[in-house]
Protein chains: 2
Amino acid sequence: MWKLSRKSEYALMVVQRLGALGPSEQLPASVLADDGDLPRDLTAKILQELRQAGIVQSSRGVAGGYRLVRPLDSVAFLDVVRPFEEHLGLADCVDGDGGCKRAEGCTLQGPVARLNHWLMGHLRGLSMAEFVGPGRGLGLTVDMPQPSTGRVSSDRLGSVRRNAL
Amino acid sequence: MWKLSRKSEYALMVVQRLGALGPSEQLPASVLADDGDLPRDLTAKILQELRQAGIVQSSRGVAGGYRLVRPLDSVAFLDVVRPFEEHLGLADCVDGDGGCKRAEGCTLQGPVARLNHWLMGHLRGLSMAEFVGPGRGLGLTVDMPQPSTGRVSSDRLGSVRRNAL
DNA sequence: GCAAACTCGGACTAATTGAGTCCTATATCC
DNA sequence: GGATATAGGACTCAATTAGTCCGAGTTTGC
């Protein structure tokens with residue numbers, strides 16, 4: 001869990017790069033690939049998917065290329081990554097979709113769905129501008145204490161709870 | 001990304017089940033597997049890994065079985081899941097470990113590491129008791145608004161930032 | 001009209017990872 | 001010694017991921 005697919009990484013790089021462009025500028029897939037040292041064909045495919053997701057626009061022809069539809073601070077991290085993550089969610093059952101033979105009597109579905117909901121909410125609320133920006137994307141340049149015992153520090157948990165409500 | 005491996009799901013089920021036991025009770029792997037409708041051999045393997053992670057204890061022999069080392073509210077969600085997730089982290093480079101040929105000049109490493117750090121902190125702070133409990137694990141029984149446009153709602157983001165600091 | 005520089009998108013292959021099984025060894029209790 | 005457990009390595013099969021290949025459609029400039 002957690003690991004971004006390589007396509008997602010490439011997509012984030014490309015979107016970041018396009019976000020640094022001037023309002024009327026655009027770049028062809030080949031340039032985006034070469035600058036970022038990414039495979040050309042794959043980069044082209046990724047850009048197609050980003051277009052279908054409504055994140056970039058394209059124009060064909062000689063001086064064609066790609067540009068962002070909206071500026072970085074109006075693009076959610078989750079939206080960039082979503083097309084490249086097959087199962088976006090902690091488990092397949094979180095959409096309420098059936099398919100899990102254990103669905104009824106499953107004591108895990110509820111907790112997993114709750115946790116998933118919480119996560120998605122935060123990632124939807126994280127803009128690319130904040131994600132990519134130097135300072136404090138989620139305000140987490142401060143080190144969080146990491147209990148070595150596996151014992152849970154309930155004070156931090158408490159703050160999470162307060163915030164979420 | 002995000003999706004728990006099936007082994008993790010099984011581990012969560014098993015730990016949850018063991019957590020409901022009385023202080024001197026224990027259950028053999030076969031019972032845990034059959035009750036949860038899980039593959040027997042695989043369940044046995046998972047329990048071994050949980051033992052190596054210091055989450056369960058085992059005793060061999062005829063009336064042997066497994067039991068939790070600590071109660072559910074002292075076991076972190078992250079610790080249960082960690083042994084079964086190959087790459088626990090948003091990307092391979094978040095440990096500062098090299099191996100990424102793009103390491104220098106990579107404009108993504110910092111943001112990804114920050115986001116990862118934030119996530120891990122929260123999952124380390126989430127106890128199994130809270131995760132699994134009925135009410136409000138992370139306080140998220142309330143519905144979060146889900147902007148349909150992909151536009152980022154900055155007010156929620158604001159609350160995240162305040163909380164994290 | 002034609003060629004060059006692009007995007008578009010399906011089909012295909014190879015590598016990696018995940019899930020699950022099988023088999024053998026070892027410990028404990030009666 | 002036999003029954004019931006855990007311990008753990010080796011293995012197979014399936015699914016996913018990463019990446020490549022190739023042909024087609026579009027726009028611009030000469």
Side-chain angles (χ1 to χ4, degrees), chain A residues 1-11 13-14 18 25-34 36-53 55-67 69 81 83-89 91-92 99-102, chain B residues 1-11 13-14 18 25-34 36-53 55-67 69 81 83-89 91-92 99-102:
Chain A
M1 97 170 155
W2 303 141
K3 183 142 178 266
L4 291 164
S5 71
R6 209 167 303 178
K7 286 188 187 178
S8 290
E9 294 178 17
Y10 294 168
M13 290 183 195
V14 162
L18 289 177
E25 290 180 277
Q26 60 181 6
L27 289 176
S30 57
V31 171
L32 287 166
D34 292 350
D37 199 19
L38 318 176
R40 280 194 163 198
D41 285 347
L42 192 52
T43 306
K45 275 194 128 37
I46 288 170
L47 283 162
Q48 284 175 40
E49 298 201 61
L50 287 175
R51 184 184 57 87
Q52 288 167 0
I55 293 170
V56 304
Q57 284 180 315
S58 66
S59 51
R60 292 186 168 191
V62 171
Y66 292 91
R67 61 193 174 282
V69 172
V81 148
F84 309 102
E85 305 294 337
E86 186 70 10
H87 296 288
L88 194 55
D92 293 333
C100 175
K101 59 173 181 176
R102 259 179 285 275
Chain B
M1 99 170 154
W2 302 144
K3 183 142 179 266
L4 291 163
S5 71
R6 207 166 303 179
K7 285 188 188 176
S8 291
E9 294 178 18
Y10 295 167
M13 290 183 195
V14 162
L18 290 178
E25 290 179 278
Q26 59 181 9
L27 288 177
S30 57
V31 170
L32 287 166
D34 293 350
D37 199 18
L38 317 176
R40 280 194 162 196
D41 284 347
L42 192 52
T43 305
K45 277 196 124 39
I46 287 169
L47 283 162
Q48 283 175 41
E49 298 200 61
L50 286 174
R51 183 185 56 89
Q52 286 166 2
I55 294 170
V56 304
Q57 284 180 314
S58 66
S59 52
R60 292 187 169 191
V62 170
Y66 292 93
R67 61 194 174 281
V69 172
V81 148
F84 309 103
E85 304 293 336
E86 185 69 11
H87 296 287
L88 195 55
D92 293 333
C100 175
K101 60 173 181 177
R102 261 179 284 275

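Order of the sequence lines fixes the chain letters, A, B, ..., with proteins taken first and strands second; residue numbering starts at 1 for each chain.
Note: B:L42 CG to B:R6 CZ = 9.5 Å, rounded to the nearest 0.5 Å. Considering OG of A:S30 and CG of A:L38, their distance stands at 12.0 Å, rounded to 0.5 Å. A distance of 13.5 Å separates CD1 of A:I55 from OH of A:Y66, quoted to the nearest 0.5 Å. Note that CD of B:Q26 is 10.5 Å distant from CG of B:L32, once rounded to the nearest 0.5 Å. The distance from the NZ atom of A:K7 to the OG1 atom of A:T43 is 11.0 Å, given to the nearest 0.5 Å.
At the phosphate of D:dA7, OP1 or OP2 sits under 4.0 Å from a side-chain N or O atom of B:S58. Between B:R40 and C:dG20 there is no side-chain N or O to OP1 or OP2 distance below 4.0 Å. Within the structure, a side-chain polar atom (N or O) of B:R51 is placed less than 4.0 Å from OP1 or OP2 of D:dA7.
With rounding to whole Å, B:K3 atom NZ is found 12 Å from D:dA15 atom P. In this entry the distance linking CG of B:L4 with P of C:dG18 reads 12 Å, nearest Å. Computed from coordinates, the A:Q26 CD to D:dT27 C1' distance equals 12 Å when rounded to whole Å. Rounded to whole Å, the distance from CG on A:D41 to P on C:dC8 is 14 Å. One interatomic measurement links the two molecules: NZ of B:K45 to P of D:dA5, which rounds to 19 Å at whole-angstrom precision. Between the P atom of D:dG8 and the CG atom of B:L50 lies a distance of 13 Å, rounded to the nearest Å. What separates CG of A:L42 from C1' of C:dG10 is a distance of 15 Å, to the nearest Å. Summarising the geometry, the separation between CD1 on B:I46 and C1' on C:dG18 is reported as 12 Å, rounded to the nearest angstrom.
Of the two residues near DNA chain C, A:Q48 and A:G61, the one whose nearest nucleotide lies more 5' is A:G61. Both B:E85 and A:S30 sit near DNA chain C, but only A:S30 has its closest nucleotide nearer the 5' end. Summary of the strand contacts: B:L47 and B:V62 both lie near DNA chain D, and taking for each the nucleotide with the nearest heavy atom, the more 5' one is attributed to B:V62.
Not a single donor-acceptor contact under 3.5 angstrom links the side-chain atoms of B:K7 to the base of C:dG20. Counting distance only, with no hydrogens placed and no angle test, the side-chain atoms of B:R60 and the base atoms of C:dT26 include a donor-acceptor pair under 3.5 Å.
Nucleic acid contact class of A:Y10 (heavy atoms, under 4.0 Å, all strands): sugar-phosphate only. Looking at heavy-atom distances under 4.0 Å, A:A29 makes contact with sugar-phosphate atoms alone, never a base. A:Q52 comes within 4.0 angstrom of the backbone, heavy atoms only, and of no base.
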